[in-house]
Amino acid sequence: MEIHYSSQNNTQSGKYGCLTQTIVMTLTLLVVGLILPGVHINDVLTAVIAAFVIALLNNFLRPILLVLSLPFTIVTMGLFILVINAVIIWLASKMVPSFQIDGFGTAFVAALLITALNYLLELPNRLQNRKPYHENHNNDDDDDRDFDEFIEYEEVLDKDDE
């Protein structure tokens, strides 16, 4: 039996997992700051601090918001999670002084872009940590037995059935 520690989205984070996620979020915020005119980031240090604040809000506030908005999330088939992401980014802009977002609409578009860019930037890490598929045909465990084989058994009949 092997025990693997994994994050919430089943990607294994090595000893530099948190640092890697902060760097990816920092790069994402810098790109979004360049693309969207309503997102203002003064310097790289601001992006690092904003990425750290977003990570903290994602770890502590997001689960509470997800539970409270569960009916809306179910009705919208999960699209309300984008609104929650926008709220978290908007709150981070209120907490970090030199990271400003003009309005909630800009925060929503920024949340869409951050989600897409984070996925693209973390894709090599996910592919690297993916476990290869192996078929186990020669294992003696009952759970891994190939049921295409014929298993001999002895039939026991009651005396009444004879």
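Note that this is a predicted model, so its numbers are computed, not measured. Atoms considered below: every heavy atom in the structure, side chains included; atoms not considered: hydrogens, waters and symmetry mates.
- Both Leu57 and Ile114 are part of a single hydrophobic cluster, where members link through side-chain heavy atoms under 4.5 Å apart.
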The test is side-chain contact (heavy atoms from CB on, under 4.5 Å); show your working for Lys94 and Ile101 and say whether it passes. CA-CA 8 Å; Lys94 297 299 179 192; Ile101 294 182; over 6 Å; no

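- In this structure, Phe104 places its CZ atom where more than 12 heavy-atom neighbours from other residues, nucleotides or ligands lie under 6.0 Å away.
- Counting heavy atoms from C-beta outward, Ile54 and Arg62 have side chains that stay 4.5 Å or more apart.
- Hydrophobic clustering of Ile, Leu, Val, Met, Phe, Trp and Tyr side chains at less than 4.5 Å, counting indirect connections, keeps Leu61 apart from Leu56.
- Atom CG of Leu66 is separated from atom CD1 of Ile81 by 5.5 Å, given to the nearest 0.5 angstrom.
- The shortest heavy-atom contact between Ala51 and Thr26 is CB-OG1, 3.6 Å.
- Remark: side-chain polar atoms of Thr76 are paired, donor with acceptor, to backbone N or O of Phe80 under 3.5 angstrom.
- Of all heavy-atom pairs between Leu29 and Ala47, the closest is CD1-O, 3.7 Å.
- Both Val44 and Val32 sit in one connected hydrophobic cluster of ILVMFWY residues. Membership requires side-chain heavy atoms under 4.5 Å apart, directly or through other members.
- The two residues Ala111 and Ala86 come nearest to each other via the heavy atoms CB-N, 3.8 Å.
- With respect to Tyr119, the side-chain contact (heavy atoms from CB on, under 4.5 Å) criterion is satisfied by exactly one of Leu121, Leu123, Leu117: Leu123.
- Thr115 and Asn118 share no donor-acceptor pair across their side chains, judged by distance under 3.5 Å alone.
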side-chain contact (heavy atoms from CB on, under 4.5 Å), that's the test. Do His40 and Asp102 meet it? Break it down for me. CA-CA 8 Å; His40 308 285; Asp102 290 344; 3.3 Å; yes

With side-chain contact (heavy atoms from CB on, under 4.5 Å) as the criterion, how do Leu82 and Phe108 come out once you've worked through the C-alpha distance, each side chain's angles and the decisive distance to 0.1 Å? CA-CA 7 Å; Leu82 292 173; Phe108 186 79; 3.7 Å; yes

Walk me through it: do Val39 and Ile41 pass the test side-chain contact (heavy atoms from CB on, under 4.5 Å)? CA-CA 7 Å; Val39 178; Ile41 299 173; 4.3 Å; yes

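- At a threshold of 4.5 Å between non-hydrogen side-chain atoms, the residues Leu27 and Val31 do not count as touching.
- Hydrophobic clustering, with ILVMFWY side chains joined whenever heavy atoms are under 4.5 angstrom apart, keeps Ile64 apart from Ile89.
- Taking all atoms of both residues into account, the shortest heavy-atom contact from Val96 to Thr46 is CG1-CG2, 4.1 Å.
- For the side-chain contact (heavy atoms from CB on, under 4.5 Å) with Val87, the lone residue among Ile84, Leu91, Asn85 that qualifies is Leu91.
- Leu113 and Leu79 fall within a single hydrophobic cluster, where Ile, Leu, Val, Met, Phe, Trp and Tyr side chains are chained together by heavy-atom contacts under 4.5 Å.
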